[in-house]
Amino acid sequence: MDTGTTVEDLVDEFVATMHRHGMRVERAAVEEEVRERLADIAERLRVSVDVALHGYVRRDWGRTMALAVVEQIRDDRLLELT
């Protein structure tokens, strides 16, 4: 299964989703985190990062992860969100 996604796509979608929810995040920090998570996934699956990215990561992962962060921020009341 080739998801056809890239690290850049995942990061772009994460940053855009956060922005839509009124939060700005540093793109470089997001990219570093995505790359670290991909490396962890690849290690656990015992495949290369490229195989993990193209074979296991869904295209909407960036948006999904951003929405989870937004939910955690709201649940923990870390920021005042409208």
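All values derive from a computational prediction rather than experimental measurement.
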Would you say Asp9 and Glu13 make side-chain contact, with heavy atoms under 4.5 Å? no
Side-chain donor-acceptor pairs under 3.5 Å in residues 23-30, sequence neighbours left out?
unit_1	atom_1	unit_2	atom_2	d
Arg24	NH1	His19	ND1	2.7
Arg27	NE	Asp12	OD1	3.3
Arg27	NH1	Glu31	OE1	3.3
Arg27	NH2	Asp12	OD1	2.5

Return the CG to CZ distance between Leu10 and Arg63, rounded to the nearest 0.5 Å. 12.5 Å
Taking all atoms of both residues into account, what is the closest heavy-atom pair of Thr6 and Leu53, and its distance? CA-CD2, 4.1 Å
Quick one, Phe14 and Val34 - any side-chain contact, counting heavy atoms below 4.5 Å? no
Of all residues at least two apart in sequence or in a different chain, which pass the side-chain hydrogen bond (donor to acceptor under 3.5 Å, both in side chains) check with Asp60? Arg58
Looking at Ile41 and Ala52, what are the two nearest heavy atoms and their distance? CG2-CB, 4.2 Å
For Glu8, which residues count as a salt bridge (charged side-chain N to carboxylate O under 4.0 Å, His left out) partner, sequence neighbours excluded? Arg35
Sequence-distant partners of Glu33, salt bridge (charged side-chain N to carboxylate O under 4.0 Å, His left out), two or more places apart: Arg37
Are Val11 and Leu67 grouped together when hydrophobic residues (ILVMFWY) are joined by side-chain heavy atoms under 4.5 angstrom apart? no
Which atom of Tyr56 lies closest to which atom of Val51, heavy atoms considered: CD1-O, 3.8 Å
